Amino acid sequence: MEYNFSEIEREWQSRWANEQTFKVEEDSSKPKFYVLDMFPYPSGAGLHVGHPLGYIASDIYSRYKRLKGFNVLHPMGYDAFGLPAEQYAIQTGQHPAKTTEKNIARYREQLDRIGFSFDWSREVRTCEPDYYKWTQWAFLEMFGHWYDNSEQKAKKIELLEEIFASEGNAKVNAACGDAETFSAEQWKGMSESEKSSVLMAYRIAYLGETSVNWCAALGTVLANDEVKEGLSVRGGHPVEQRKMKQWQLRVSAYAQRLLGDLDDLSWSDSLKEMQRNWIGRSQGAEMLFKVFNGSEEFELEIFTTRADTIFGATFMVLAPESEWVAKLTSPEQKEAVEEYLTYAKKKTERERMAETKKVTGVFSGSYAINPFTGEKLPVWIAEYVLAGYGTGAIMAVPAHDSRDYAFATHFNLPIIPLIEGCDVSSESFDAKEGVMCNSGFLNGMTVKEAIPAAIEEVEKRGIGRRKVNFRLRDAIFSRQRYWGEPFPIYYKDGIATPLPVENLPLELPDVDKFLPTESGEPPLARAENWNFGEWPLEKSTMPGFAGSSAYYLRYMDPHNNRGLVSKEANEYWRDVDLYIGGTEHATGHLIYSRFWNKFLYDMGYVCEKEPFKKLINQGMIQGRSNFVYRVKGTNTFVSLGLKDKYDTTEIHADVNIVSNDRLDTEAFKNWMPEYKDAEFILENGEYICGWAVEKMSKSMFNVVNPDTICDKYGADTLRMYEMFLGPLEQSKPWDTNGIDGVHRFLKKFWRMFFNKEGFAVSADSANAAELKVLHKLIKKVQEDIENFSFNTSVSAFMIAVNELNDLNCSKREILEPMVILISSFAPHIAEELWSKLGHKNSVSFASFPEYIEKHTIESSVEYPVSFNGKMRFKITLEASLSPAEVEAIIRADENTGKFLGGSTIKKVIVVPKKIINIVC
RNA sequence: GCUCGGGUGGUGGAAUAGGUAGACACGCAGGACUUAAAAUCCUGUGGGCAGAAAUGUCCGUACGGGUUCGAUUCCCGUCCCGAGCACCA
C-alpha cells in the first residue's frame, strides 16, 4: 500500500480541527508546560519556508512534552498592528483592517497545512478591541504609577501626591525627569496644571519633551530599536533627531532589574550579551568641577568611569545640546559657539555616524578648575559628547581615552600620560591596566586599585559620588500613525487625563484617509468627533511593541473580559517555559516584554518576575538562488560548467523550476515571455545552474512556499526536512536538494508496516538485536529533543529504520513505540499508523511511559576507568546492561591495570596508540 | 574599534567532562529489476602512495605554535567568515 501523504494529512488535519484535539484547559492534576512562538506579523507576501522553522521546532517540543504527560499550552496568534498594512492603505485606500484580515486568513491556511498542534481556541489578534483593551489598560496603570528607587518597585501616584502634600519632594527617591525641589507648602500652592506637570515627571508612562528619532518619510517618531544606522528598520528611510513632546515609558527605571534578572534565564549567551550591551550599565562617579565664565562661578557636574585619571584631565567638553553651553559661553566666543551650534544642529544622526572620525568642536571661553591639581582647564563644546548620556559633560583625559586623544591632537591640547611606561606619542592608552604615575596620591597603585581609591577621595572631599549610569533610555511610546492602539487619554483644559477604565476599549475611529493632516497632525485628527465629551482625545497611537508586550499573558486566559488574565489562570500557567523566535527581537520586544511583565509583577497582576524562562533563537533561513548564464547579445543560455568559454550575463532563475541545480528548460521557456525562444548549451544532456546564498526575496526568485513542498512531499516531510537541514539555532540557506532523502525515509518507514497483502504487523516478540535498535533510538531521540538537537534525531530515525530493515523486522513490539516516538516530528503518518495498529485515541496522548519508558535501558555505556593509576581510558560497551552490570565487568585493578570480572568480556580491541575498546 | 559566535569531504552536516574523524543525508560512479522510464534495492565514494585484489601505509578538522601517551575538542598567536553594538566618557 502506497504512502499517500496528501490523503493522510488532509484527513488528520480535519480530525484534529473537528475534535479540538489540542484544546487545553487548566488541569491541576498535570504539570503545566507553556511553549510559545513569537507570533507573526501577517504580511501580504504570506509565509515562505523560512518562517515555520521555529514553529516546527516548538511543535515537536510541545508534542513531545504532551507525550511525557504535561498539560501543554501551545497557542498562536497575530501581531496585527503595524506599518506595512498602513503603508498599503495609504497607497490603495484599502482599510488596514481589511488587508490584515485577508492576510491572516492566508497565514492560517498555510499554517494549518503544516500540522501544528496549536490550541486555536486561544488565538489573539493585537488589533481586536477585545485584545487592545488590555494594552490600553496596562498603559493607564503605568500612567497611574511612579517608580520608587529605594524599594525598586512601582507605586501608586496617589501615594506620591500624599508625600508631596506632607513633606514636599526632597526626600523622594524616584525614577523621574527633571523636577525642581519643592516643599509641602509650595505643593499645596500649585495650580492643577502645575501639579499635573510635576506629577508627569514621575509617572511610568509620561508625556515628555525628548530628543526623538523622527522619520519624515513615515511621518512618525521611532524607538531606538526601530532605527538602524540612521535608517528606519521598516522601509529604510532616513531618520533625524528632533526635540518633541512624546509619550514615553520609563523603562530606564527598571534597568538594574532587567540586567540582574538576566542571570537566571536560560537564554543563549549571545542574546543575554546583546541585552547587557543595550542596557549598558557602567559604574563610575559623578564629579563637580568649579567653572568660571569670566563673571560668574558655577559647579559643573560630569560623569566618568575613570576617576583614577583625574590628574590627566586637561580640558572639559560639553555636548552641544547641553544647557551649560549658554551659561559658559563667554562674550568673545559667542559668535564662534553659535556658528558651531548651528552646524551641529543641522547634521542628521546619519551624517554624524558617517563622520565619526571627523573631529569638530569650539572653545566656550570658560575655564574649569581641576579639583586635584588646581590646573585651569579650558571648557570646549563638541558633538562627540552626547547630551543624553551621563550629565552631557565630561572631563577629557586624552592620554587614556581615544576620543579625547583625537580631539586633543586636533586642537593642540596637552596630553599627560598617567601609566608607567605607556606610550602615548601616536595613540591613547585606553586599557585599564598598569601602574599609576603623575597622579599624586594614586602613584604606585594599579589602575584597579586606583579607581576606587580616587572615588573614595572624591567623596571624602565632598566633590562627587559613586554613580551607576545606564545606556538604556526610556521607550518612546507615541507614533503619529493610524494603524495602532489609540491612547486612552484626553486633554482636559490641556491637562493629559486618563479615560475612565469603564470606557475601555477606546476603539480606533474611522478616517477618510490614512495620511497626516495638512497641518501635520496625525491621521486620527481626521476622525470625526475624536473627543471625550467636550475634550479632545490624544491623536497619536501606540507603537508596534505595545501589543506584543503582554500577549503571552493573554493566551493564558484569552476570553476574560474582567482582566488581562485571571489570577487562577496566571498561577497555573505562570510563565513561558520555552520561547522560540528570531534574534531580531533581542533589543526590542524582549526588553519591552520583560519591562511590561515586571511592572505587572510589581502591581501583583502576575506571579512571575520574568516572562520567558528558556529562549531559543532559531536561525534565519536564507534563500538559495539559482543562476542561468545568457551569452551576451543572444537568447542562448550556457550550462554552468561551460560558461567560462563564453561571455555571459548571470541571470536569476526561479528556484521552483530548478531541481538539484538542474534547470527544467521547458518550464524556463514558459516562465517569462522573453525566454520563450531560449536555446540551451547543455553539458551531458543537462542544464546545470549556478547558485548563491542570498536573502529570500521575490526579486531573487528564490522564495519557496511551504505549500509547494506540502503538495509535492507532504507536511511530514517538510517538518522533518526543515529539522534535518542543520542545527536549529544556525542560519542556513534553504536548499531543496536533500529533501528526497527525508521523503524516502518516510516511505521506507511506512513500508515497514505493510506486505503485499496490506497492513501486516507481526505479534511475535522481538529478539535482542531488534530491541537493541529500539533502545538505542529511544535513548538518542529523547536526549536530542531535550537538547533541541532535532537534526541528529532525524538521523537517528533513519539509522534505526535501516537497521530494522536489515533485520527484516516488522514486529509490533518494536514498531509501536517507534510510531509514538516519531509522532512529534511527523504527526500525520504517526496518527495513521497508530490508528491502523488498532488504537482509537490520538497518538498525541499515547501512554508514553507504558511504551517507551520500559525500554529506556541504557543500551550503551561509556565508562571511564583508571589504568596504571595514571591514564584514563574510555570503555565502550555495546550491549543492554545496567550501570551496575557494567561496573562488575570492567572494574580494573588500580595497581596492575588488569580488568576484574574479565570473563564476561567477549572482545577486547587494543588499537594503536593504546586506545582500548571492549565489546561485551 | 568593542562584544559574541563560527571555519570539518564535491554539498548540508555528525562526533567535543580529550580516546578508531567524516555518522546520517544529498550528489556522483557502478550494478540489479524494467522494452524503457519512474520508483525501489545493492555496492563504492576525504586525499596520496603501493597492490590484480583483499589490504597496507602516509597525510588530513582554516594557519602557526603549546600542553598531552593521545587534540576537530583545551591553551597562546595569526588569518578569514557571520551576528550584534558603535563617539555611552
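Fair warning: this is a prediction, and the values are worked out from it, not measured in the lab. Residue numbers start from 1 in every chain, and the chains themselves are labelled A, B, ... in the order their sequence lines are given, proteins ahead of strands. FYI, side chains are in, hydrogens and waters are out, and symmetry mates aren't considered; it's all heavy atoms of this structure.
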Gap between atoms CZ and P, on R466(A) and A89(B) respectively (whole Å): 17 Å

Spacing of the P atoms in G64(B) and C69(B) (rounded, Å): 23 Å

Counter-base of C4(B), judged by Watson-Crick or G-U geometry with both distances under 3.5 Å: G82(B)

Sugar-phosphate only, base, or nothing, as touched by R751(A) at under 4.0 Å among non-hydrogen atoms: sugar-phosphate

Residue M274(A), side-chain atoms from C-beta onward, closest of A89(B), U40(B), G84(B): G84(B)

Parallel, tilted or perpendicular: ring planes of H585(A) versus H589(A), cut at 30 and 60 degrees: perpendicular

Side-chain N,O (Y384(A)) to OP1/OP2 (A89(B)) below 4.0 Å: no

Give each protein N/O atom lying under 3.5 Å from an N/O atom of nucleotides 24-28 of chain B, with the pair distance.
| residue | atom | partner | partner atom | Å |
| --- | --- | --- | --- | --- |
| A25(B) | OP1 | N802(A) | ND2 | 3.1 |
| C26(B) | OP1 | R744(A) | NH1 | 2.5 |
| C26(B) | O2' | N737(A) | O | 3.1 |
| G27(B) | OP1 | N660(A) | ND2 | 3.3 |
| C28(B) | OP1 | R662(A) | NH2 | 3.2 |

For the student: nearest non-hydrogen atoms of V385(A) and P320(A), plus distance: O-CD, 3.9 Å

Charged tip of R594(A) within 45° of W278(A) ring normal and under 6.0 Å: no

A25(B) to C42(B) separation - P atoms, rounded to the nearest Å: 10 Å

Nucleotide U40(B), atom P - distance to CZ of F749(A) in whole Å: 17 Å

Interatomic distance at C1', U20(B) relative to C75(B), whole Å: 25 Å

Phosphate OP1/OP2 of U40(B): any K747(A) side-chain N/O under 4.0 Å: yes

For the student: nearest non-hydrogen atoms of L418(A) and S439(A), plus distance: CD2-OG, 3.5 Å

Atom-to-atom span, CD1 of I279(A) to C1' of C85(B) - whole angstrom: 14 Å

Who pairs with A17(B) - Watson-Crick or G-U, where each distance is under 3.5 Å: none

Interatomic distance, E2(A) CD vs U40(B) C1' [rounded to whole Å]: 11 Å

W380(A) and F407(A) aromatic ring geometry - parallel, tilted or perpendicular at 30°/60° bounds: perpendicular

Euclidean distance, atom CZ of residue R471(A) to atom C1' of C87(B) [Å, nearest integer]: 12 Å

Between P of U40(B) and CZ of F745(A), the distance in whole Å: 14 Å

Nearest-nucleotide 5' precedence on RNA chain B, A387(A) against T587(A): T587(A)

Candidates U3(B), A14(B), A89(B) - which lies nearest the side chain of E273(A): U3(B)

Syn or anti conformation of G51(B), syn meaning chi within 90° of 0: anti

Salt-bridge present (R276(A), E273(A); N to O < 4.0 Å): yes

Non-neighbouring partners of F289(A) that pass ring pair (Phe, Tyr, Trp, His ring centres under 6.0 Å), sequence neighbours left out: none

P gap between A71(B) and G5(B), integer Å: 25 Å

Between P of A83(B) and NZ of K695(A), the distance in whole Å: 13 Å

C76(B) to U68(B) separation - C1' atoms, rounded to the nearest Å: 16 Å

Span that lies between the C1' atom of A21(B) and that of G13(B), in whole angstrom: 13 Å

Side chains of Y384(A) and D404(A), donor plus acceptor under 3.5 Å: yes

Any-strand Watson-Crick or G-U partner of U40(B), both distances under 3.5 Å: A32(B)

Below 4.0 Å: OP1/OP2 of G13(B) and any side-chain N or O of Q730(A): yes

Y721(A) and W734(A) aromatic ring geometry - parallel, tilted or perpendicular at 30°/60° bounds: perpendicular

Touch class at under 4.0 angstrom, heavy-atom based, for I394(A) against every strand present: base

Watson-Crick or G-U wobble partner of C74(B), both distances under 3.5 Å: G66(B)

Residue pair Y713(A) / D740(A), side-chain donor-acceptor N/O under 3.5 Å: yes

Short side-chain N/O contact from N791(A) to OP1 or OP2 of A14(B), under 4.0 Å: yes

Closest to the T792(A) side chain, choosing from A14(B), A89(B), C85(B): A14(B)

Nucleotide paired to U57(B) in any strand shown, Watson-Crick or G-U, under 3.5 Å: G48(B)

Nucleotide nearest F303(A) (side chain, heavy atoms from C-beta), chosen from A89(B), U40(B), C4(B): A89(B)

Identified pairing partner of C26(B), criterion: Watson-Crick or G-U wobble below 3.5 Å: G10(B)

Which residue lies more 5' along RNA chain B, comparing G280(A) with S270(A) via nearest heavy atoms: S270(A)

Separation of U40(B) P from N755(A) CG (nearest whole Å): 19 Å

